[in-house]
Amino acid sequence: MAAHPLTVGFDLDMTLIDSRPGIKAAYQELAARTGTRIDADAAVTRLGPPLEEEIRRWFPEERVAEISNLYRALYPHHAIEGTLALRGAREAVAAVRAAGGRAIVVTAKYEPNAQLHMVHLGIEPDAVIGSLWAEAKAEALREYGARVYVGDHTGDVRGAHAAGALSVAVPTGPCDERELRAAGADVLLGDLTAFPEWLGRYLADGVDGVDVVDDAGDAGDADAPDAASA
């Protein structure tokens, strides 16, 4: 991979997108198809880790691969339409590109489904890399030379540090500000609406260790169909 002057990585679920409504619908369909009770409301509070970790809560180990594949097949028909962009998501990606940089998405989600979300929401990263979680995200971050990785989970902090990248955290997912700080986040923003201003300072001043806390928006306050419509 050729060197690039600025590459910023973004996590997907609960960083760029609020996928909870769509994922809940997909789990409800999975439960109906398999005749197995799945607490979809609880499942969507645990977004971040690989799908198989959640499937193991409801199915025996010998069926995890089978059920995970079924879920992924159901996903495009049940999870895409109900998912919205989180506040500031489009602007954050656009800010990287406006600065002459490259924005990539690195996610634990199955890559084809992650790409469907980007197309549906009109978010245009330079690359989408899926099926990587926590420290394994460093593989893609190093490959693309990412200097910054933005995420909502302590696993994202670990992935950034494993790649030698700056960890920018947003408490818009299952991990709160305290957990993200304890995990070692280098920068803490209230949500992605604060990212363009931070990026400008970072590029102007080379401020790596800044800790910026803005009032976090409601994680469920995703972009409605307006100027930053889904």
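All residue numbers in this chain count up from 1 along the given sequence.
Counted within 6.0 Å of CD on Glu53, heavy atoms from surrounding residues, nucleotides or ligands total more than 12; the atom is thus considered enclosed.
Rounded to the nearest 0.5 Å, atoms SG (Cys175) and CE (Met14) are 11.0 Å apart. From Leu116, atom CG reaches atom NZ of Lys109 across 10.5 Å, with rounding to the nearest 0.5 Å. The CG atom of Asp18 lies 12.5 Å from the CZ atom of Arg87; values are rounded to the nearest 0.5 Å. The CZ atom of Arg63 lies 14.5 Å from the CZ atom of Arg56; values are rounded to the nearest 0.5 Å. For the atom pair CD1 of Ile80 and CG of Asn113, the computed distance is 5.5 Å after rounding to the nearest 0.5 Å. Separating the CH2 atom in Trp58 from the CD1 atom in Ile38 is a distance of 7.5 Å, to the nearest 0.5 Å.
Under the 30°/60° scheme for interplanar angles, the aromatic rings of Phe195 and Trp198 are found to be tilted.
Counting only N and O atoms by type, the side chains of Asp186 and His161 include a donor and acceptor under 3.5 Å apart. Residues Thr15 and Asp152 have side chains that bring a donor and an acceptor to within less than 3.5 angstrom of each other.
In this structure, Ala146 and Ala165 approach most closely via the heavy-atom pair O-CB, 3.6 Å. Smallest separation of non-hydrogen atoms from His78 and Ala25: O-CB, 3.5 Å. In plain terms, the two heavy atoms of Asp11 and Gly151 that are nearest each other are CB-CA, 3.9 Å. The shortest heavy-atom contact between Ala114 and Leu12 is CB-CD2, 3.7 Å. Summarising the geometry of Ile129 relative to Glu111, their closest heavy-atom pair is CA-OE1, 3.5 Å, with the distance given to 0.1 Å. What you find for Leu180 and His153 is that their closest heavy atoms are CD2-C, 3.8 Å.
Val8 is listed as a side-chain neighbour of Leu6, based on a closest heavy-atom distance under 4.5 Å. Residues Leu86 and Leu192 have side chains not in contact (no heavy-atom distance under 4.5 Å, counting atoms from C-beta outward). Side-chain contact check for Tyr202 versus Leu166: some heavy-atom pair is nearer than 4.5 Å. Residues Met118 and Pro125 meet the side-chain proximity criterion, which asks for heavy atoms closer than 4.5 Å. Residues Glu124 and Arg90 have side chains not in contact (no heavy-atom distance under 4.5 Å, counting atoms from C-beta outward). Put simply, the side chain of Ile23 reaches to within 4.5 Å of the side chain of Tyr75, judged on heavy atoms. Using a 4.5 Å heavy-atom cutoff, the side chains of Asp191 and Leu189 are not in contact. The shortest side-chain heavy-atom distance between Leu132 and Glu139 falls under the 4.5 Å cut-off.
Here the side chain of Glu179 pairs a donor or acceptor atom with the backbone of Asp176 at under 3.5 angstrom. Of the possible polar contacts, none joining the Arg142 side chain to the Lys137 backbone as a donor-acceptor pair under 3.5 Å is found. Looking only at distances, a side-chain donor or acceptor of Thr83 sits under 3.5 Å from a matching main-chain atom of Ala79. Counting only distance, with no hydrogens or angles, the side chain of Arg147 and the backbone of Pro5 share a donor-acceptor pair below 3.5 Å. Using a distance-only test at 3.5 Å, with no hydrogens or angles considered, a donor-acceptor pair links the side chain of Asp126 to the main chain of Ala103.
Using a 4.0 Å cut-off between a side-chain N of Lys or Arg and a carboxylate O of Asp or Glu, Glu177 and Arg181 qualify as a salt bridge.
Transitive grouping of hydrophobic side chains (ILVMFWY, heavy atoms separated by less than 4.5 Å) keeps Trp133 and Val105 in distinct clusters. In the hydrophobic cluster analysis, where Ile, Leu, Val, Met, Phe, Trp and Tyr join through side-chain heavy atoms closer than 4.5 angstrom, Ile123 is grouped together with Val168. Leu121 is connected to Val128 through a chain of hydrophobic side-chain contacts under 4.5 Å among Ile, Leu, Val, Met, Phe, Trp and Tyr, so both are in one cluster. Taking hydrophobic clusters as Ile, Leu, Val, Met, Phe, Trp and Tyr residues chained together by side-chain heavy-atom distances below 4.5 Å, Tyr110 does not share a cluster with Leu16.
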field: side-chain contact (heavy atoms from CB on, under 4.5 Å) between Tyr149 and Asp156, worked out
entry: CA-CA 8 Å; Tyr149 184 59; Asp156 299 323; 3.7 Å; yes
- request: Evaluate the side-chain contact (heavy atoms from CB on, under 4.5 Å) criterion for residues Phe59 and Glu66: first the C-alpha distance (whole Å), next the side-chain angles of each, then the deciding distance (0.1 Å), finally the verdict.
  value: CA-CA 10 Å; Phe59 295 88; Glu66 168 206 348; over 6 Å; no
field: Step-by-step side-chain contact (heavy atoms from CB on, under 4.5 Å) determination, Arg20 to Leu47
entry: CA-CA 8 Å; Arg20 291 173 299 181; Leu47 300 183; 3.8 Å; yes
task: For Ile17 and Leu84, run side-chain contact (heavy atoms from CB on, under 4.5 Å): C-alpha distance rounded to whole Å, both residues' side-chain angles, the deciding distance at 0.1 Å, then the answer.
output: CA-CA 6 Å; Ile17 66 174; Leu84 300 176; over 6 Å; no
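Taking the ring centroids of Tyr71 and Tyr27, they lie under the 6.0 Å cut-off.
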